[in-house]
Amino acid sequence: MLEVQLELATHRLDDLCGRLASCSSEWRRVRLSEELFYQRRTVERLKAAVAAEVKP
């Protein structure tokens, strides 16, 4: 289950990066940057949880 959440979070992170790269509105860029920050934290937490779950 965590692997699926990690995969979805990683896809979301990639989507946010693409949207930020193509955004021309300064306000929207700020908002996307904030979302990107929190999404990176989510991915890192999920990676740590998956690693902890895999270890015996």
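The basis for the numbers below is simple: all heavy atoms, side chains too, and nothing from hydrogens, waters or symmetry mates.
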| Any residue meeting side-chain hydrogen bond (donor to acceptor under 3.5 Å, both in side chains) with E35, in chain and number order, not counting sequence neighbours | R12
State the [atom1]-[atom2] distance between [X] and [Y], to the nearest 0.5 angstrom.
X: Q39; Y: D14; atom1: CD; atom2: CG; result: 9.5 Å
X: E53; Y: L46; atom1: CD; atom2: CG; result: 10.5 Å
X: S22; Y: R28; atom1: OG; atom2: CZ; result: 10.0 Å

| Shortest non-hydrogen contact from C23 to R29? |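 Taking every non-hydrogen atom into account, O-NH1, 3.4 Å.
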| Nearest heavy atoms of L6 and V43, plus distance in Å |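 Closest pair (atom of L6, atom of V43, distance): CD1-O, 3.8 Å.
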| Within one Ile-Leu-Val-Met-Phe-Trp-Tyr cluster: L13 and V30, side-chain cutoff 4.5 Å |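 Shared cluster, no.
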| request: Report the C-alpha separation of E44 and R41 in whole Å, then their side-chain angles, then the decisive distance to 0.1 Å, and conclude whether the salt bridge (Lys or Arg N to Asp or Glu O under 4.0 Å) test is met. | output: CA-CA 5 Å; E44 291 304 316; R41 288 179 53 188; over 6 Å; no
| said: If you count heavy atoms of other groups shown closer than 6.0 angstrom to CD of E3, is the number above 12? | reply: yes
